[in-house]
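In what follows, chains carry the letters A, B, and so on, assigned in the order in which the sequence lines appear, proteins first and then strands, with residues in each chain numbered from 1.
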Amino acid sequence: MTDTTAPAQKSGIRFTGAFHRLLAFSGLIALVLVFSLASPNFMQTQNILAILQATAVNGVLAIAVTLVIITGGIDLSVGTLMTFCAVIAGVILTYWGLPMPLGIIGAILAGTASGLISGTVVAKLKVPPFIATLGMMLILKGLSLVISGTRPIYFNDTPGFNQIALGSVVGQIIPAVPVPNGVMILFAVALLASFVLGKTALGRYTFALGSNEEAVRLSGVNVDRWKIGVYALSGAIVGVGGVLIASRLNSAQPALGQGYELEAIAAVVIGGTSLSGGRGTVLGTLIGALIISVLANGLRILSVAQEWQTVVTGTIIILAVYADILRRRNL
Amino acid sequence: MGEGSQAELASHSTTPLVEMTGIDKNFPGVRALSQARFELVPGEVHALMGENGAGKSTLMKVLSGVYARDAGVVKLNGEPVEISSPRQAQDAGISIIHQELALMRDLTAAQNIFIGREPRRFGILDEGQLNRDAAAIFKSMNLKLEPTVLVENLTIAKQQMVEIAKALSYRSRVLIMDEPTAALNDAEIAELFAIINRLKAEGVGIVYISHKMDEIKRISDRVTVMRDGEYVGTVPAAETPIETIISMMVGRTLTNEALVIPNVADQPVALEVRGLNRGREIRDVSFSVRQGEILGFAGLMGAGRTEVARAIFGADRKESGEIWVHGQRVGITTPRDAVAKGIGYLSEDRKLFGLATGLDVRNNIALASLERFTGPTGVLNEAGMEAAAKDYIRQLAIKTPSDSQEARLLSGGNQQKVVIAKWLLRDCDILIFDEPTRGIDVGAKSEIYKLLNNLAAQGKAIIVISSELPEILRLSHRIAVMCEGRLTGILPGGSSQEEIMHLATMREAAMMPDEEVRRAG
Amino acid sequence: MLNRRTLLGAISAVAMLAASTPVMAQDNYDIALISKGFQHQFWQAVKAGADQAAADLGVTVTFEGPETESQVDRQMDMLAAALSRQPDAIGFAALDSQAATPLLQQAQDAGIPVIAFDSGVDSDIPLTTATTDNVAAAALAADVMAELIGGEGKVAIVAHDQTSRTGIDRVEGFSNRIKEAYPNIEIVSVQYGGGDQLQSTEITKSILLANPDLKGIFGANEGSVLGVANGKQELGSDIVVIGYDSGAAQKAFIESGVIAGAITQNPVGIGYQTVQAAVSALKGEELPEIIDTGFYYYNADNMSDPQIAAVLYD
């Protein structure tokens, strides 16, 4: 029994997505302006490229976790899965000496496989996503250490491997803006994820699952299959993240990864995706990831003490979500 | 019918408990209340009626301090008051019993009643005192309930009693009940009404919000009708014909179409169920429904009607039984199988099971048919979906500003139509409606009835499950009646209420002792 | 043996301190230090040394490091941001030298001198490295251990990790010294607890339970040895524990005798020397290839000696 007749809400709600993007986007612009005014070293090509480079891996992970969060789930395993995929690439390229494309495909397949497992545990065994992916997080962390013998695997025998993230195809065409390939890959992943979310049945079910899973099931949709599909796609994207970080460090660092899932989730939340599911955008997540990077970089440029950088970042996360709540309440 | 008369009312008191006049309330862009008014005298049950969106809940939220009014005067016992929080309302003796019960399931009845006001001794919670206090309230209500029972083990009706006890514990003089009987069966409703009558006798004023006309006539003294946020009028419940109240609510006179039972004897059988079983809930249920026929399912709460529907649809498992669709035996273990055979199920709780409320109308209509709109490249044919959605919005007269409106913003009746459109788009020709008009207001109800009749006329086979006998009688070409998991009989359309009730209470003699054991335990 | 090594370490430390006569800088140089960690007391001591040097030499110093020593990419982001700031010099302790190479190249191209510290950088770009000789320091720990257990029996190592330079050097320095010089001592187990106190405690207890006749354990960094001490106490064992680094907890354990003694690096000196080397480089002075920042063995007896107390941190 709602007594507030709907007309006024009707026009407002339709622009929710656009408005939110605007909100996060204006936050990003504000940060960039503040840092530009505070330090002449901030708005330099090289620094902007450094920020983008720092966003690449977290951005890819955040996009992956966005998909799962829209279904109403959560994925805590993205950080260590990224590392696992990097280690798999290391095994294929350095231990087995196979050609580079196989290493990349192997890493993405490893991510997909892990996603399939997480998805199956969630959909078929009905283990809550938080628990299922917490388990996967630890399993993958352990496997990475076991497979690599806890030592970093270097990609010195695969010439050009570090060009995947660090090289710049754009720079060869327009030398003035040598945007690293890693950043272009992030954009490509974002475009792909936006396309899947907006234009395909998988994307539509992703939103529908987060909105009302039982309604989807009672519509005769094979809910389990689609849910597993979302986790698998998410895993494949994490695989791309694994290749990116391995390329950037020219090594697979097996101890890395834990904690990265929280930063990815922070980016998702700042970007306006609801943790309760059913609502979210890839663009928002991308902006959220950029906000985190810009903040970290800007505070460093201003020589703010590291302790305070952490305090500021935490504050911004809470403010971003609070701004979102305020906006929603005012509608 | 009315259990109080004007003369009796006057004897209670001269000062109204509540007097609200000239109340305005605006939300951004919406005028929710405009010069609304309401009066409640001690010892009266005052029904507040109106269609969804008429302003009933908003008015009561103003009274209970949830919303601040923009204009107008609220008087309690003749004194103007400012109530700015639910807490203040409670202190002033105003309690609301919400449609969605607000109890903590893992606490006991007594703990729920005194939450936040637990008696203490030397700083330590005094459970004994707590339970004695709760028991005293239950006794004053003549209610047999253990204070230490966990709320999650109580029926909805008993939970409601706990809510009422909680309100009484605040010494409330004003009790607002929002659709209190929505989830109750007849016996439980009688129990509730007994308590309401006892409260009346003690001078408590009760605001009773409901859509059910027969209840209003039975329990209330006066009826205030609202429409579009405005006050329409107040009439004595006993003397005013139902038709008058309805026309006050909708602003026009509704024609009550008579039941026309088509001859479907020569139509093929669309769905046949043979020997369906699952534990105690479904016991050897067999029936069939022909194309163009509406088969009503009547019975008391817990008779197993929804369980039968869900088992046919594959939403719950079944132990044994055959399902035949269009003369062919089919295996259905998941909703997916059922939908593939052309069976659509409209669940009793749309918000929980039927509608993806966060999605827009277009996607809800297309939800079961997305595969049809997926091209070879995997890209959704958005234009096709839009065209289909618009087609059904027109055909079913769904009131929505556009097909991209979020489904949760639609009224109950229009949400129901969206779910119907979903199944029609999926080419379902066997439709199972579980409580199709629950939470839908009077005006929209007759529209849904018309729609069901049209669907039947188009050759769809329709099953309607309803707890409202008038609805069953109004719609059904044949009436299947269930009691305790068994199909106790199938009556021809137009049978009397008494015949249905007879079958609905026909308990299996052999099962009686066993049943008693189960109830006791 | 023991005394000579201690002496050597002490002498080199004194020599360093003597060399570090304050020079007043004409310019207010901006020096960015990117370390391997931040929260750990050891890194805070390095930071304290750097801050001291900044005050003495009149330069500005910033000090940053990732939360854990596995976050290689975070360290790269910090280094990249530091480069964008265009500092006059950079001090850098690489988590992974290879990963850092492109950024270090960028620093060299921009004419920013790089000083490596702690475990250093595996590259020829840094002008010098201010570091502890971890192999020699761990060998000293082996000598002490041998002496305290009477030159024979079983010992074990609980280390932080097997990927970092310090982890590798300390384990190798200890075990090689045992193999070379003490044929009657057997190293029965080398376990890694990630420098995590709790994890190292569990490891220690399992080693002790598996080897009831164990004579001693070497804990290769602060977190590891605290775990070893905890494990020893929980099981009521009386093995000899030799630690590494300092910190209030370890110092207390040494005072109460749970830990026999420990090797200390000179973290304050590492920080100080790094900043000082950066200033020297900016002034165009010659720098040695390695600046040995020294190490000591300390126990309850010499903890309060001024030159030892000066390098211990809480």
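- If you measure heavy-atom distances from A:Leu49 to chain C, you find no contacts under 4.5 Å at all.
- Neither the backbone nor the side chain of A:Gln44 comes within less than 4.5 Å of any heavy atom in chain C.
- No more than 12 heavy atoms of other residues, nucleotides or ligands lie within 6.0 Å of CD in C:Glu67, so this atom counts as exposed by the packing criterion.
- In this structure, the separation between CG on A:Leu256 and OG1 on C:Thr68 is 7.5 Å, given to the nearest 0.5 Å.
- Ranked by heavy-atom pairs under 4.5 Å with chain A, the list C:Gln71, C:Gln86, C:Arg74 is led by C:Arg74.
- At most 12 non-hydrogen atoms from other residues, nucleotides or ligands lie less than 6.0 angstrom from CG of C:Asp122.
- Interface remark: C:Phe63 contributes backbone atoms only to the contact with chain A (heavy atom separation under 4.5 Å).
- For the set C:Thr62, C:Thr60, C:Val72, the entry with the most heavy-atom pairs within less than 4.5 Å of chain A is C:Val72.
- Going from atom CG of A:Leu145 over to atom OH of C:Tyr192 covers 13.0 Å, rounded to the nearest 0.5 Å.
- A:Asn156 and C:Gln98 are linked by a side-chain donor-acceptor pair at a separation below 3.5 angstrom, with hydrogens and angles left out of the test.
- Remark: A:Thr310 OG1 to C:Gln39 CD distance equals 7.5 Å, nearest 0.5 Å.
- At a heavy-atom separation below 4.5 angstrom, chain C is approached by A:Arg300, A:Ile301, A:Ser303, A:Gln306, A:Glu307 within residues 298-307 of chain A.
- For the pair C:Ser84 and A:Asn41, the tightest heavy-atom approach, listed with the atom from each and the gap, is O-CB, 3.2 Å.
- Neither the backbone nor the side chain of C:Glu69 comes within contact range of chain A, judged by heavy atoms closer than 4.5 Å.
- In this structure, CG in C:Leu103 is found 8.5 Å from CD in A:Gln53, a value given to the nearest 0.5 Å.
- Residue pairs meeting the salt bridge (charged side-chain N to carboxylate O under 4.0 Å, His left out) criterion with at least one member in residues 35-54 of chain C, sequence neighbours excluded: C:Lys36-C:Asp118, C:Lys47-C:Asp51.
- Scanning all heavy atoms of the two residues, the minimum distance from C:Asp77 to A:Ala54 falls at OD1-CB, 3.2 Å.
- You'll find the side chain of C:Asp96 stays beyond 4.5 Å of the side chain of A:Leu249, heavy atoms only.
- When the candidates C:Ala32, C:Ala80, C:Gly65 are compared by the number of heavy-atom contacts under 4.5 Å with chain A, C:Gly65 comes out ahead.
- Looking only at side-chain heavy atoms (C-beta outward), C:Glu64 and A:Gln309 come within less than 4.5 Å of each other.
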